Amino acid sequence: MHNIKYIRDNFDEFKKKIQNRNVNFDLDKLRNLDIKNRELIHKKETLEKEKKDISKKKDKSLFEKSKIISQQIETITNEQKIAKDELNDILSNLPNVALENVPVGIDETFNEVVSTHGEIKKLDFKPKSHFELGENLKMLDFDLATKTTSSRFVFVKSELASLERAISNYMIDLHTKINGYVEVSPPLIANENTMFGTGQLPKFENDQFELLLDDKLDRKFLIPTAEVILTNMVKNKILNIKDLPIRLVASTPCFRKEAGSYGKDTRGMIRQHQFYKVELVSIVENNKCEEELERMTKCAMMVLDNLELPYRKIILSTGDMGFSAEKTYDIEVWLPSENKYREISSCSSCGTFQSNRMQTRYKDANNENKHPGTLNGSGLAVGRTLIAVMENYQNKDGTINIPKVLQPYMNNKDKISLN
RNA sequence: GGAGAGAUGGCCGAGCGGUUUAAGGCGCACGCUUGGAAAGCGUGUAAAGAGGAAACUCUUUCAUGGGUUCGAAUCCCAUUCUCUCCGCCA
């Protein structure tokens with residue numbers, strides 16, 4: 001969420017930046033509501049002062065007047081509340097604005113490749129897709145998941161299940177032991193305010209799995225990413241600057257409705273309603289966001305370097321970034337069966353956008369309260385890493401070699417084959 | 001699930017309808033003291049919003065939302081959360 005004071009003071013510049021995000025908002029309406037809101041606040045405060053003075057004097061002859069003032073305050077308060085709600089409604093739905101060095105464009109075609117890494121192996125046979133490989137090995141079962149649950153779920157079995165767990169454990173170990181993140185095992189359910197804090201609500205309600213509970217007042221949602229619950233660990237807090245940066249990592253299941261992606265990636269486990277992801281979150285001083293974004297992206301790329309998987313780093317354009325982001329790098333891994341790169345990680349700086357929503361602050365050197373920067377990134381998506389390992393490490397006979405760094409996590413086995 | 005108690009500044013904790021402008025303590029910051037430290041003494045220590053160039057002024061906030069009253073941290077109602085005991089249970 002943006003600070004209304006900032007919008008007020010930098011109106012034209014802000015308007016242009018919002019337009020770059022490829023959304024259409026009536027910002028003049030916002031400005032008028034802000035003016036109206038402040039006028040009403042001023043009126044209200046004048047009356048409140050008057051009423052307070054009467055109360056202090058304890059003069060019975062003024063009590064009737066105080067009653068009348070109370071009624072006036074009530075009227076103005078209601079009016080002000082309407083203006084404030086309308087104002088907040090617009091603000092809550094307004095996306096973050098991009099940093100200056102983000103390419104401007106309306107969609108993903110304006111994204112730019114920053115760098116490419118690793119060697120794409122030349123295979124002397126036609127590479128199979130991960131779902132062909134998995135089904136032949138009898139270790140991926142999509143039909144069974146459809147039977148027990150629905151489409152876009154999968155059973156991972158036997159050594160592929162171990163491999164998935166190995167990937168997750170390897171990534172957690174790397175980020176805790178080498179990259180300085182603290183491991184967290186968080187709740188997988190978030191309440192409405194938490195979902196608001198990171199920007200999933202109110203705008204993206206349709207993408208979320210909501211739990212049907214008896215208690216209708218406090219809504220609960222399955223987390224679509226650990227970013228939600230990890231970032232909100234600092235909500236409503238004033239942090240000590242000495243505690244920054246805070247770096248957190250968690251491996252959790254993620255739940256997404258994938259509404260609006262009908263017919264997209266319907267085969268295989270590229271796009272599922274449930275998947276594991278190792279998530280990185282950083283809370284930093286507000287002037288260190290870009291520096292931290294580079295660091296975080298490196299931490300994610302380190303996983304692919306060590307797994308010896310070919311990938312490239314992309315910077316997203318203003319039109320393709322997520323709602324809360326001010327700058328985003330996607331990391332895309334090479335998938336031989338599709339003969340193209342596919343997203344395996346997304347690292348974003350959200351600047352102070354989320355900390356404004358969460359009301360997180362820290363005391364800076366001058367003892368002033370500042371909103372910290374928040375960042376999140378996949379380090380990496382576990383399901384998609386499994387896919388990438390299967391496809392890139394496949395042999396002609398349908399067996400899959402196990403990457404060196406994962407072998408210690410797999411009882412030192414070096415190959416997965418049909419039992 | 002049953003019964004009871006509670007929620008007050010960063011923390012502990014007083015308060016029971018009108019000098020609460022939230023006592024007192026701890027912690028923290030600065031100063032005095034000291035060869036240096038500790039102790040001691042002194043001073044200062046919440047947030048959000050509005051106005052203002054600034055100094056500063058004003059308003060709100062005692063879990064949250066309503067209500068009673070000229071006036072609510074204090075009384076009433078609802079909700080949320082915490083603790084104790086019992087039951088159930090991984």
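It should be emphasised that the depicted structure is a prediction, and the values quoted were computed from it without experimental measurement. Sequence lines set the chain letters: A, B, ... in the order given, protein chains first and strands last, and positions in each chain run from 1.
- With rounding to whole Å, A:Q72 atom CD is found 17 Å from B:U59 atom C1'.
- Counting non-hydrogen atoms under 4.0 angstrom, A:I69 reaches nothing in the nucleic acid.
- An OP1 or OP2 oxygen of B:G51 is reached within less than 4.0 angstrom by no side-chain nitrogen or oxygen of A:T46.
- Using P as the reference atom, B:C16 and B:A23 are 14 Å apart when rounded to the nearest Å.
- A salt bridge does not link A:K157 to A:E164: none of the charged side-chain nitrogens sits closer than 4.0 Å to a carboxylate oxygen.
- Nucleotides B:A7 and B:U60, compared at atom P, are 24 Å apart to the nearest Å.
- Nucleotide B:U60 holds its P atom 17 Å from the CG atom of A:L40, rounded to whole Å.
- With a 3.5 Å ceiling on both atom-pair distances, the Watson-Crick or G-U wobble partner of B:C30 is B:G42.
- Here, B:G6 and B:A63 have their P atoms 14 Å apart, quoted to the whole Å.
- Annotation: side chain of A:I178 is not in contact with side chain of A:H175 (no heavy-atom distance under 4.5 Å).
- Between A:K237 and B:A46, a side-chain N or O to OP1/OP2 separation shorter than 4.0 Å is absent.
- Judged by Watson-Crick or G-U wobble contacts below 3.5 Å, the nucleotide B:U19 has no partner.
- A:D414 places none of its side-chain heavy atoms less than 4.5 Å from the side chain of A:N401.
- Straight-line distance from the NZ atom of A:K5 to the P atom of B:G52: 12 Å, rounded to whole Å.
- The interatomic distance linking A:I4 (CD1) with B:G51 (P) rounds to 12 Å, in whole Å.
- The partner of B:A90 is absent, by the rule that a Watson-Crick or G-U pair needs both atom distances under 3.5 Å.
- Applying the Watson-Crick and G-U wobble criteria (two distances, each under 3.5 Å), B:A37 pairs with nothing in any strand.
- Across all strands shown, B:A5 is found opposite B:U82 as a Watson-Crick or G-U wobble partner, with both distances under 3.5 Å.
- A salt bridge between A:K313 and A:E294 is present, with a side-chain N of the basic residue lying under 4.0 Å from a carboxylate O of the acidic one.
- Screening residues 7-61 of chain A for ring pair (Phe, Tyr, Trp, His ring centres under 6.0 Å) gives A:H2-A:F14 as the qualifying pairs, with residues at least two apart or on separate chains.
- In this structure B:A72 sits in no base pair that meets the Watson-Crick or G-U test at under 3.5 Å.
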- Note on the structure: Heavy-atom contacts, protein to nucleotides 61-67 of chain B, under 4.0 Å, summarised as B (base), S (sugar-phosphate only) or - (none) per nt, yield -------
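- For B:U60, one of the phosphate oxygens OP1 or OP2 lies less than 4.0 angstrom from a side-chain nitrogen or oxygen of A:K52.
- As the counterpart of B:C11, B:G25 is assigned, both hydrogen-bonding distances of the Watson-Crick or G-U wobble pattern falling under 3.5 Å.
- For A:N240 and B:G10, the shortest distance from a side-chain N or O to OP1 or OP2 is not below 4.0 Å.
- Pair assignment for B:A48: B:U59, on the basis of Watson-Crick or G-U wobble contacts that are both within less than 3.5 Å.
- A straight line from CG of A:L47 to P of B:C58 spans 17 Å, rounded to a whole angstrom.
- Each of A:K44 and A:R38 was matched to the nucleotide of RNA chain B holding its nearest heavy atom; the match closer to the 5' end belongs to A:R38.
- In terms of polar N and O atoms assigned as donor or acceptor, the side chain of A:E45 never comes within less than 3.5 Å of the base of B:G51 in a complementary pairing.
- Applying the 90° criterion around 0 to the glycosidic angle, B:G40 comes out anti.
- Taking the charged nitrogens against the carboxylate oxygens, A:E285 and A:K288 do have a contact shorter than 4.0 Å, which makes a salt bridge.
- Look at A:D243 and A:K237 and you find no salt bridge, because none of the NZ, NE, NH1 or NH2 atoms lies under 4.0 Å from a carboxylate O.
- Comment: A:K147 does not engage A:D143 in a salt bridge, judged by the lack of any side-chain N to carboxylate O separation of less than 4.0 angstrom.
- Along RNA chain B, the nucleotide nearest A:I238 and the nucleotide nearest A:K51 are compared for position; the residue whose nucleotide lies closer to the 5' end is A:I238.
- Rounded to whole Å, the distance from NZ on A:K49 to C1' on B:U21 is 12 Å.
- Between A:R8 and B:A50, a side-chain N or O to OP1/OP2 separation shorter than 4.0 Å is present.
- Taking the charged nitrogens against the carboxylate oxygens, A:K16 and A:D12 have no contact shorter than 4.0 Å, which rules out a salt bridge.
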